[in-house]
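Just so you know, ligand 1 is whichever comes first in the structure, and atom 1 is the first atom listed for that ligand.
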Amino acid sequence: MSSPNIVANKQLIDEQQESIPQHIAIIMDGNGRWAQQRGKSRVVGHKSGVESVRATVTTARKLGVKALTLFAFSSENWQRPEKEVSVLMDLFMFVLTREVKRLHKNDIKFQVIGDLSRFSAKLQRKIAESQSLTVNNTSMVLSVAANYGGRWDIANAAKIVTQQVLNNELSVDDIDENSLHSHICLANLPELDLLIRTGGDYRISNFLLWQAAYAELYFTETLWPDFDEQQLKKAISTFSQRERRFGLTGEQIKST
Ligand code: IPE
Ligand code: IPE
Ligand code: MG
């Protein structure tokens with residue numbers, strides 16, 4: 001039998017774990033402004049932002065977060081100047097090449113969510129390789145949203161379900177939240193607990209529309225390249241003080 005001390009410590013760890021969100025998503029915004037404030041071109045901000053990505057992944061893994069989802073490129077970001085889009089694509093390729101071994105070493109499963117068909121064949125290959133290298137890792141899932149849009153995600157799930165109906169695999173009456181949910185990105189991960197947006201704007205920008213139904217929202221003025229371990233811990237600490245009611249009353253929550 002374990003000594004009372006070990007039991008007490010274990011309880012403490014469990015309690016601490018309880019306040020750590022299982023699934024965090026981040027809208028990494030503010031790279032351009034960060035660079036412009038320094039009289040530099042926007043792409044300098046994107047490059048600096050890579051360091052914040054690395055720090056955030058490391059901290060999340062260390063704290064025991066099970067899933068981290070990062071918004072890297074939205075379906076609307078293609079409308080930016082061609083030069084900026086092409087730098088972002090090159091940066092994605094470069095970072096994948098450089099970082100994926102480190103992810104693997106840290107037992108992190110890597111995946112990309114979004115419509116990949118618009119990326120170059122080379123980038124699509126790199127993504128596929130990175131995903132297959134890390135597919136069996138279990139400590140944390142890192143999902144990068146690229147050419148992702150929340151509306152695209154929902155429309156895509158509707159398309160799959162419709163095809164199942166046409167194939168007589170599903171009846172129209174069986175279409176419900178659960179059947180749709182299973183085809184929405186990240187369905188196999190814990191529910192989204194905490195959605196962070198850096199950069200001082202208060203909007204979702206077509207990110208995880210379905211998944212954020214009951215996520216706690218956290219907005220910070222901090223621009224993404226300045227987001228570090230302390231900032232993530234601050235967001236988590238705020239999260240742990242929130243009362244999540246999921247439609248129930250405060251009294252009901254306290255009595256469970
Ligand atoms: C977020 O930073 C990164 C991407 C959208 C790719 P921004 O590039 O949007 O930076 P701001 O919002 O213009 O400062
Ligand atoms: C959201 O940021 C997309 C990413 C962080 C990748 P944007 O900068 O594109 O969002 P808006 O345009 O301010 O809504
Ligand atoms: Mg922005």
Chemist: Are any side-chain N or O atoms of His183 and backbone N or O atoms of Ile160, one a donor and one an acceptor, separated by less than 3.5 Å?
Modeler: no
Chemist: Nearest protein heavy-atom contact for atom 7 (P) of ligand 1: which residue, which atom, what distance?
Modeler: Asp29 OD1, 3.5 Å
Chemist: Should you measure from each heavy atom of Arg80, which atoms of ligand 2 turn up under 4.0 Å away?
Modeler: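 Taking each heavy atom of Arg80 in turn, ligand 2 has 7 (P), 8 (O), 9 (O) under 4.0 Å.
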Chemist: Within the side chain of Gln131, is there an N or O that forms a donor-acceptor pair under 3.5 Å with the backbone of Val112?
Modeler: yes
Chemist: I'd like to check which ligand 2 atoms, numbered from 1 as shown, lie under 4.0 Å from a non-hydrogen atom of Phe73.
Modeler: 6 (C)
Chemist: Among all protein non-hydrogen atoms, which one is nearest to atom 10 (O) of ligand 1, and what is the separation to 0.1 Å?
Modeler: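 So the nearest neighbour among protein heavy atoms is Gly32 N, 2.9 Å.
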Chemist: State whether Arg61 and Asp107 are salt-bridged, where the test is any N-O pair (Lys NZ or Arg NE/NH1/NH2 against Asp/Glu carboxylate O) under 4.0 Å.
Modeler: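 No.
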Chemist: Answer yes when Arg125 and Glu129 have at least one side-chain N-carboxylate O distance shorter than 4.0 Å, and no when they do not.
Modeler: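 Between Glu129 and Arg125 there is no salt bridge, as every charged N stays at least 4.0 Å from the carboxylate O atoms.
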Chemist: Does at least one non-hydrogen atom of Gly199 fall below 4.0 angstrom from an atom of ligand 1?
Modeler: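 Flag not set, Gly199 not near ligand 1.
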Chemist: For ligand 1, which atoms have a heavy atom of Ala72 less than 4.0 angstrom away?
Modeler: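 It comes down to these atoms of ligand 1: 6 (C).
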Chemist: Do Asp115 and Ser117 pair up side chain to side chain, a donor and an acceptor below 3.5 Å, judged on atom types alone?
Modeler: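 The answer is yes; a qualifying pair exists.
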Chemist: Touching ligand 2 at all, Gln79? Heavy atoms, strictly under 4.0 Å?
Modeler: no
Chemist: Establish, from distance only, whether the side-chain atoms of Trp78 and Asn147 form a donor-acceptor pair under 3.5 Å.
Modeler: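 Yes, side-chain donor-acceptor contact under 3.5 Å.
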Chemist: Is Gln36 close enough to touch ligand 1? Criterion: a residue heavy atom under 4.0 Å from a ligand atom.
Modeler: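 Flag not set, Gln36 not near ligand 1.
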Chemist: Mark up the atoms of ligand 2 that fall under 4.0 Å of a heavy atom belonging to Ser205, in ascending order.
Modeler: 10 (O), 11 (P), 14 (O)
Chemist: Using distance alone, with no hydrogens and no angle criterion, decide if Thr134 and Asn137 have a side-chain donor and acceptor under 3.5 Å apart.
Modeler: no
Chemist: Which residue and atom name correspond to the protein heavy atom nearest atom 9 (O) of ligand 2, and how close is it?
Modeler: Asn77 ND2, 2.9 Å
Chemist: Looking at Lys101 and Glu99, is there a salt bridge between them, counting it only when a charged N and a carboxylate O are closer than 4.0 Å?
Modeler: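 No.
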Chemist: Can a donor-acceptor pair be found between the side chains of His46 and Asn31 at a distance below 3.5 Å?
Modeler: yes
Chemist: Can you list the ligand 1 atoms lying under 4.0 Å from a non-hydrogen atom of Arg33?
Modeler: 11 (P), 12 (O), 14 (O)
Chemist: Can you name the N, O or S atom of Asp29 that is closest to the Mg ion (ligand 3)?
Modeler: OD1
Chemist: Which atoms of ligand 2 sit under 4.0 Å from any heavy atom of Met28?
Modeler: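 Those atoms are 5 (C).
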Chemist: Below 3.5 Å, N or O to N or O, backbone or side chain included: is there any such pair between Trp34 and ligand 1?
Modeler: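 Not met; the criterion fails.
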Chemist: If we set the cut-off at 4.0 Å for heavy atoms, which region of Gln37 has an atom near ligand 1: side chain, backbone, both, or neither?
Modeler: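 The answer is neither; Gln37 stays 4.0 Å or more away.
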Chemist: Which atoms from ligand 2 have a heavy atom of Arg203 less than 4.0 Å away?
Modeler: 11 (P), 13 (O), 14 (O)
Chemist: Side chains of Asp226 and Gln231 only: does a donor on one sit below 3.5 Å from an acceptor on the other?
Modeler: no
Chemist: Give the atoms of ligand 2, by number and element, whose distance to some non-hydrogen atom of Ile27 is under 4.0 Å.
Modeler: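 Selected atoms, number and element: 1 (C), 5 (C).
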Chemist: Is Asp90 paired with Lys47 through a side-chain N to carboxylate O contact shorter than 4.0 Å?
Modeler: no
